[in-house]
Amino acid sequence: MTLASRIKQEAQSALKQLYPDVTIELSMIGVNQTKPEFSGDYNIVLFPFLKLLRQKPDVIGKLLGDKLCEGSDLFGGYEIVSGFLNLSIKDSFWVQYLTANYTNSGYGLKENSRRVMVEYSSPNTNKPLHFGHLRNIFLGAAVSQILKNDGNEVIKANLINDRGIHICKSMIAWQQYGKGATPESTGTKGDHLVGDYYVKFNDAYKAEVAALIDSGVSEKIAEKEAPLMRGAQDMLRKWEAGDKEVRDLWHTMNGWVYKGFDKTYDKLGISFDKLYYESDTYLLGKQLVEEGLNKGVLFKKEDGSVWVDLKDDGLDEKLLLRGDGTSVYMTQDLGTAKLKYDDYHLDQSVYVIADEQNYHMQVLKAILKKMGEPCADGIHHLSYGMVELPTGRMKSREGTVVDADDMVAEMVRLAGEQTEQSGKTEGFTPEELSTLYETIGLGALKFYLLRVDPKKKMIFDPKESIDLHGFTATFIQYAHARICSILRKEHVPQQPDTNIFSGFRQTAELSLMERKIILALEEYTMILQDAANELNPSAVCNYCFQLAQLFNTFYADHSISKAESEEKKQLRLMIIIMTASVLRHGMNLLGIRLPEKM
RNA sequence: GGCCCGGUAGCUCAGCUGGAUAGAGCACCAGCCUUCUAAGCUGGGGGUCAUUGGUUCGAAUCCAAUCCGGGUCACCA
C-alpha cells in the first residue's frame, strides 16, 4: 500500500474514534504533499469536515493530529496552518522504507489476470515511416510495457495496411518509371525506394491532370480519367481478382518495404508479438455484416448498399457495404476486431490511433455493440494528437514529412557531436562510443515524443532539432551515469541482490534532500499505477525527470564518498542505488536505456 | 452548421477526481568546476491560467455561455 493511501486510512479510522457518530468517507479525506514553505511531508485538508463535525478546523486538527501521532511509528508531529494539518513523517519510517526496498529491481508488479492487446504502428506499405509514426510506435510500445508491468498479459500487435489503391499507386509508378530498379541495384532501403515511386506517382499524376485540364476537360473528370489513376484502379481490380503478374509485383515490392521496416523497427528497439495483414483480413467483415442483416440490426437500401443506424447513440447512419457488395474501411475494421478477439479472448483491445479517427473508432465500437459482439466492450481507442510542423501538418504529397530514419540518424549524430564537444569520449572504444551515441540519440527522440500528454497534439520544429538539456532523456541518463560512477568508485554493485548494509542503524537526522528523495522514491509505484490506468507514458517521463532533478540537487551538496560519517555514507549509497534502479526501471518502460558512463 | 478535442510565462509543456503564494524546461541575466561526471547546481526577471458568469469556505481544475485554434461529419483509408 502506498503511503498516501495509508495516511488516508489512518485518518479515517482516527476520525471514527474521535467522532463515532459521524461517517467520514475516504473520498472526503484529501491528502497532499506539503508545500516546501510549510513544515511536514504530507497534509490533510480539514475544511471538508467542518460542517459534519460542527467544529473549527483548529479544534479538529488538534484532535486528529494528536490521535494520529499517538503511539505512531509513522507520524512524528504535526502543525496546523490555516485549515491544513501538516504531518511530519518520522525519519525512522523513511529509513525503514529505504532499507526494505533499495534492493528492488521490480516495481508495481501485481497480479492482474487481464489479457490486453495493444495495436500500434500499423503502417501502409507504400511509403517509409515518418516522424508522426514514431509517436505512435513509441506510445504503443511504452503503453504495452506499462500495462505488462501492471501485471497484465499484453499482446503487441501490428496491423499492416498492405493492400488498396495507395499501394497500387507506387506499384504502377514503379512499373512505368522504375526501369527494374531494386533496393540492391540502387542501394536504397526498400521502404524508401517504394516511397519514392509513391511520390513519383503523385507528381506524374498531377502533371497528367493539368494536361487534361489544359485540353479542356473539367477538373473532376481529369482526376478520374488521368491514365495513371486508371492504371492504379485497374491494378487494384486485378489484384482483387488474383491476377498473377500483379500479385507477384505486389509481393516483391511489399517484400522490399518489410525489409526496410524491419531495419527501422530493429534500430528503434521495437517488436511485435502478432502481425495482422489487411490482405488477409479485409474480407472478414463481410460475413459479420451478413449476420447483422439477418439479425435485423443492419438494413439494406434500394441500391443494395448496407447501413447501420446509430442515431440512438447520438451518431449517424454509416455505410458498411457498397452497392456492389465490396467492403469499406469500416467493414474491414469490424472483421479485424472480431478476429483479434477470437484469436486471444481479449479483456481489452487498445488501438493506438491518431485523434483524426476519433469518430471512426466511436462508430466502430458502437456498431459492434449493436451487433452484440463480445469484442465491443474491450475496445479502447488510445487517441493521440498528431505531430505537426511549425508550418502545419506534414503532407507526404508536398514533401514536408520528416522521415523516421533520417530523424534517428540526425539525433544519433547530434549525440555524438555533443559528446565530442564536451570531451567525454575518453576511455571508450569506438564500438562503445557508437552504442553510446545511439543510446543518447534514440533516448532523446523517444523521450521527446513521449513526454507530452498523448492526447495533445505537438509541434516539432526540425530546424531547432532536439535539445539534450533540461527536460530530456539525456538529463536522466546523465544523472544515472553519475550515480554509477560513484558506485564504481565505492565498489558497490549497481543492483545488489541482498541487503549489503544490513548493519545500518540510523542515528543522525535526515537532511531535507535525503527525505525528499526517499519520499519521491516511495511515490513511484503510485505513478506506475496512474500511468497504467490512464495509458499515459508521459506521467513516467515527468516522474523520472523530477527524480533525476532531485538527485542532481542532492548531489550538488551532499558528498557520498566523503560523507560526514559512515552512517551517512551508507544511507546515501542506499538512496542513490534505489534512485538509479527506479530511473532504469521507469525509462526501461519507455524503451530508453541508461548508460553507465557518458 | 452538428459532434469531439484543445487554449496556463516570449517558446515547449506540467498541474485538471476542487485545496495554501500556479510549477518545470528552453531562451535571457548573475553566480558556482584544486572536492564523487558543469550534458550539472544556485539565484533573478517573466502569468488577467482565452473571456464572462455560476457552484463553493476555497476554482487553472467543476458547470454554462462566448471567442480563438484544430479534428471530424466520404459508396477514401
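Only heavy atoms go into these numbers, but all of them, side chains included; no hydrogens, no water, no symmetry mates. Here is how names work: the chains are called A, B, and so on, in the same order as the sequence lines, proteins then strands, and each is numbered from 1.
Comparing the same atom, P, in B/U52 and in B/A38 gives a spacing of 48 Å after rounding to whole Å. Annotation: B/A9 and B/G47 have their C1' atoms spaced 6 Å apart (nearest Å). Distance check on atom C1': B/C57 versus B/G18 gives 12 Å, rounded to whole Å.
The distance between the ring centers of A/Y282 and A/W239 falls below 6.0 angstrom.
Residue contacts for A/G323: at a heavy-atom cut-off of 4.0 Å it reaches a base atom on one of the strands shown. At a threshold of 4.0 angstrom between heavy atoms, the contacts of A/S27 with the nucleic acid are absent. If you check every strand for non-hydrogen atoms under 4.0 Å, A/V45 touches a base. As judged by a 4.0 angstrom heavy-atom cut-off over every strand, A/K597 is placed among the base-contacting residues. Across all strands, A/D324 comes closer than 4.0 Å to no nucleic acid atom at all (heavy-atom distances). Within 4.0 Å of A/H480, counting heavy atoms only, lies no atom of the nucleic acid at all. At a threshold of 4.0 angstrom between heavy atoms, the contacts of A/I459 are confined to the sugar-phosphate backbone, with no base atom among them. Here A/M598 lies in heavy-atom contact (under 4.0 Å) with a base. A/Y329 comes within 4.0 angstrom of a base, heavy atoms only. Among the protein residues, A/S559 comes within range of the nucleic acid bases, having at least one heavy atom under 4.0 Å from a base atom.
In this structure the side chain of A/F38 never reaches within 4.5 angstrom of the side chain of A/N43, judged on heavy atoms. Within the 4.5 Å cutoff, the side chain of A/Y351 has no heavy atoms near those of the A/K365 side chain. By the 4.5 Å heavy-atom criterion applied to side chains, A/N542 and A/I527 are not counted as neighbours. Within the 4.5 Å cutoff, no side-chain heavy atoms of A/M229 are placed close to those of A/V209. Counting only heavy atoms from C-beta outward, the side chains of A/L139 and A/Y120 never approach each other to under 4.5 Å.
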Walk me through whether A/F447 and A/F545 qualify under ring-ring contact (aromatic ring centres under 6.0 Å, His included).
CA-CA 10 Å; A/F447 197 87; A/F545 175 67; 7.5 Å; no
Given A/N254 and A/T125, is the side chain to side chain donor-acceptor pair (under 3.5 Å) satisfied, shown in steps?
CA-CA 6 Å; A/N254 273 353; A/T125 58; 2.9 Å; yes
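Distances shorter than 4.0 Å separate none of the side-chain N or O atoms of A/R488 from OP1 or OP2 on B/U37. At the phosphate of B/G7, OP1 or OP2 sits under 4.0 Å from a side-chain N or O atom of A/K456. OP1 or OP2 of B/A39 has at least one side-chain nitrogen or oxygen of A/Y478 nearer than 4.0 Å. Distances shown here put every side-chain N or O of A/S383 at or beyond 4.0 Å from the OP1 or OP2 atom of B/C5.
The side chain of A/T553 lies closest to B/U42, out of B/A77, B/U37, B/U42. The side chain of A/R322 has B/A77 as its nearest neighbour among B/A77, B/A39, B/U72. When each of B/A77, B/C4, B/U72 is scored by its nearest atom to the side-chain atoms of A/R393, the top-ranked nucleotide is B/U72. Listed nucleotides B/G70, B/U42, B/A38 differ in distance to A/K457; the shortest reach to its side chain belongs to B/G70. Taking every side-chain heavy atom of A/H360 into account, B/A77 is the closest of B/A77, B/A39, B/A38. Looking at the side chain of A/S485, the nearest of the listed nucleotides B/U42, B/G69, B/C36 is B/C36.
For the pair A/M330 CE and B/A74 P, the computed distance is 12 Å after rounding to whole Å. Between the CG atom of A/N126 and the C1' atom of B/A77 there is a distance of 10 Å, rounded to whole Å. Rounded to an integer number of Å, the gap from A/F554 CZ to B/C36 P is 15 Å. The OH atom of A/Y448 sits 14 Å away from the P atom of B/C26 (whole-angstrom rounding).
Residue A/K424 places a side-chain atom within donor-acceptor reach of the base of B/U37, judged by atom type and a 3.5 Å distance cut-off alone.
Side chain of A/N158 to main chain of A/S121: no donor-acceptor pair is present (N/O by atom type, distance under 3.5 Å, no hydrogens or angles). In this structure a side-chain-to-backbone donor-acceptor pair under 3.5 Å is missing from A/R572 to A/H558.
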Could you list all N or O pairs between the protein and nucleotides 20-25 of chain B that sit under 3.5 Å apart?
residue, atom, partner, partner atom, Å
B/A20, N6, A/N43, ND2, 2.6
B/A20, N6, A/N86, OD1, 2.7
B/A20, N1, A/N86, OD1, 3.3
B/A20, N1, A/N86, ND2, 3.3
B/A24, O3', A/Q549, NE2, 3.2
B/G25, O2', A/F471, N, 3.2

Interface polar pairs with nucleotides 54-62 of chain B, N/O, under 3.5 angstrom:
residue, atom, partner, partner atom, Å
B/C57, OP1, A/K51, NZ, 3.2

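A/T281 and A/Q332 are not linked by any side-chain donor-acceptor pair at a separation below 3.5 angstrom, with hydrogens and angles left out of the test.
A/S581 OG to A/M578 CE: the interatomic distance, rounded to the nearest 0.5 Å, is 7.0 Å.
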